[in-house]
Amino acid sequence: MKKFNLHNLVRPNIRNLQPYRCARDDFDSGILLDANENSFGSLIASDLDLNRYPDPYQNKLRDGVAAFRGLQQQQVFLGSGSDEAIDLIIRVFCEPGKDAVLITPPTYGMYKVSASINDNPVIQVPLSPQFQLRTRDILQKVTPSTKVIFLCSPNNPTANLLDREDMKEILANFGGIVVIDEAYIDFSGKDTMVSDLNAYPNLIVLQTFSKAFGMAGTRLGIALASPEIIRVLFKIKAPYNVNKLTARAGLQALDRLGEMRRTVAEILAERTRLAERLETLAGIKKIFPTDANFILIRVDHALDTYTQLAGRGVIVRYRGDQVHCEETLRITVGTPEENDALIRNLKEILS
Ligand code: PMP
């Protein structure tokens with residue numbers, strides 16, 4: 001097992017940072033004349049007291065997420081989507097203009113975008129043609145300045161889970177941070193990697209309320225890691241990064257896990273039906289296996305098909321410009337009616 005030293009891995013300026021102290025760090029009740037809020041109230045009447053800043057620590061919601069995943073509150077970071085966590089992780093560990101992140105294309109686009117915004121070089125080690133990790137290549141490509149590896153399982157846009165043993169091999173043999181993005185894990189029927197958090201101090205698991213919970217509009221993302229890593233993320237986050245409306249929605253969602261699981265089951269049933277219907281269409285060369293709420297297909301003239309579908313008001317994602325994804329479209333599983341409309345239009349376009 002490669003040595004992991006969190007202290008040395010954190011950028012020195014972050015290590016030495018004196019974080020912003022919120023007014024509410026010292027007192028949170030009484031006659032609150034400490035935060036320049038509007039004491040006369042909010043324009044919108046609400047029992048949430050929207051004139052007051054939210055809890056910077058989101059303790060209640062973090063308790064809820066921790067209970068849901070069988071963890072402790074101190075292992076939970078919440079942000080404005082997992083996109084915020086991606087950005088913060090890069091900024092904690094990667095010196096701009098110097099340190100590198102490693103990604104495994106084809107994969108989610110924000111890892112590269114966030115790294116580029118922070119001026120961090122991006123090392124790319126493509127997945128195999130079967131969309132699995134090439135672990136030996138990854139570990140060979142790592143340099144002393146490679147600080148973060150992003151893995152995505154189930155992977156976007158290919159929809160498949162990465163092999164768990166491969167991910168563990170990277171966790172064990174890389175001395176930096178390994179982020180495993182599990183945005184789609186609840187569609188996979190497989191266990192999350194959070195049970196490995198104790199074994200691997202360099203692991204950060206990303207999850208989100210945007211997919212299985214159906215709450216993309218609230219912007220609520222999750223990073224799960226050791227209490228030490230979570231503490232560093234807290235150090236640099238904007239003080240009030242999860243607002244009160246979002247926090248309430250998150251708590252309500254966690255109270256409806258049964259409903260979430262029923263919806264996931266419906267989406268999976270609909271995914272099977274969609275895949276079966278796609279199979280019958282001429283012009284579709286391949287339907288890739290999926291562990292997520294979307295399907296990657298290979299189709300004749302993918303870009304043209306995409307454009308024609310859009311012209312008919314059915315919007316899918318063209319992914320043919322990504323490695324190993326020539327002539328592909330990524331299709332989110334819709335409602336039965338939406339999927340019927342997709343099939344009807346695809347059939348006409350491809351015939
Ligand atoms: N990770 C992956 C793999 C995604 O596909 C997405 C969204 N498409 C995200 C993270 C971002 O999700 P969020 O809404 O939590 O920012």
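Every number for a ligand or one of its atoms is a count from 1 in the order of the listing.
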Asker: Heavy atoms only, cut-off 4.0 Å: how does Met110 contact ligand 1, side chain, backbone, both, or neither?
Answerer: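 No part of Met110 comes within reach of ligand 1.
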
Asker: Considering only the protein, which heavy-atom contact is closest to atom 6 (C) of ligand 1, and what is its distance?
Answerer: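 That would be Tyr108 CZ, 3.4 Å.
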
Asker: One residue to check: Ser82. Relative to ligand 1, which of side chain, backbone, both or neither has a non-hydrogen atom less than 4.0 Å away?
Answerer: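 Looking at Ser82 and ligand 1, atoms from backbone and side chain both fall under 4.0 Å.
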
Asker: Does a side-chain N-to-carboxylate-O contact under 4.0 Å join Arg261 and Asp186?
Answerer: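 Result for this pair is no, no salt bridge flagged.
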
Asker: Geometry only, no angles: is Asn156 polar-contacting ligand 1 at N/O separations under 3.5 Å?
Answerer: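 Between Asn156 and ligand 1, an N or O pair is found under 3.5 Å apart.
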
Asker: Using a strict 4.0 Å threshold on nitrogen-to-oxygen distance, state whether Lys286 and Glu327 make a salt bridge.
Answerer: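 Judged by the 4.0 Å cut-off on N to carboxylate O distance, Lys286 and Glu327 do not form a salt bridge.
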
Asker: Run down the list Val179, Thr107, Ile222, Asp181 and name the one with the heavy atom closest to atom 1 (N) of ligand 1.
Answerer: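 Minimum heavy-atom distance to atom 1 (N) of ligand 1 goes to Asp181.
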
Asker: I'd like to know if Arg24 pairs up with Asp34 as an ion pair, taking the criterion as any Lys NZ or Arg NE/NH1/NH2 lying under 4.0 Å from an Asp or Glu carboxylate oxygen.
Answerer: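 So Arg24 pairs with Asp34 through a salt bridge.
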
Asker: Which one of Phe294, Phe150, Tyr184, Tyr111 has a non-hydrogen atom at the shortest distance from atom 5 (O) of ligand 1?
Answerer: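 Selected option, by shortest heavy-atom distance: Tyr184.
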
Asker: Nearest protein heavy-atom contact for atom 7 (C) of ligand 1: which residue, which atom, what distance?
Answerer: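 Residue, atom and distance for the closest contact: Lys211 NZ, 3.2 Å.
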
Asker: Using a heavy-atom cut-off of under 4.0 Å, does the side chain or the backbone of Glu84 touch ligand 1, or both, or neither?
Answerer: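 Within the 4.0 Å criterion, Glu84 makes no contact with ligand 1.
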
Asker: Please list the nearest protein heavy atom to atom 16 (O) of ligand 1 with its residue and the distance rounded to 0.1 Å.
Answerer: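 Answer for atom 16 (O) of ligand 1: Arg219 NH2, 2.7 Å.
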
Asker: Given the side-chain rings of Phe68 and Phe213, with only the six-membered ring counted for Trp, is the space between their centroids under 6.0 Å?
Answerer: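 They qualify: ring centres under 6.0 Å apart.
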
Asker: Can you pull out the closest protein heavy atom to atom 14 (O) of ligand 1? Residue, atom name and distance to 0.1 Å, please.
Answerer: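 Here the nearest protein heavy atom works out to Ser210 OG, 2.6 Å.
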
Asker: Give the numbers and elements of all ligand 1 atoms closer than 4.0 Å to a heavy atom of Cys152.
Answerer: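 Listed by number with element, the hits are 3 (C).
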
Asker: Which atoms of ligand 1 have any heavy atom of Gly81 under 4.0 Å away?
Answerer: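 In order of numbering, the contacting atoms are 13 (P), 15 (O), 16 (O).
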
Asker: State whether Arg298 and Glu326 are salt-bridged, where the test is any N-O pair (Lys NZ or Arg NE/NH1/NH2 against Asp/Glu carboxylate O) under 4.0 Å.
Answerer: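 Yes.
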
Asker: Taking Ile222 as the fixed residue, which of Gln207, Arg62, Glu182, Arg69 is the one that meets the side-chain contact (heavy atoms from CB on, under 4.5 Å) rule?
Answerer: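 Between Ile222 and the candidates, side-chain contact (heavy atoms from CB on, under 4.5 Å) is satisfied uniquely by Gln207.
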
Asker: Exactly one of Leu350, Val314, Asp340 should register a side-chain contact (heavy atoms from CB on, under 4.5 Å) with Asn345. Which one does?
Answerer: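 Only one of Leu350, Val314, Asp340 forms a side-chain contact (heavy atoms from CB on, under 4.5 Å) with Asn345, namely Val314.
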
Asker: Between Arg273 and Glu270, is there a salt bridge with N-O shorter than 4.0 Å?
Answerer: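 Looking at Arg273 together with Glu270, the answer is yes, because their closest N to O distance falls below 4.0 Å.
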
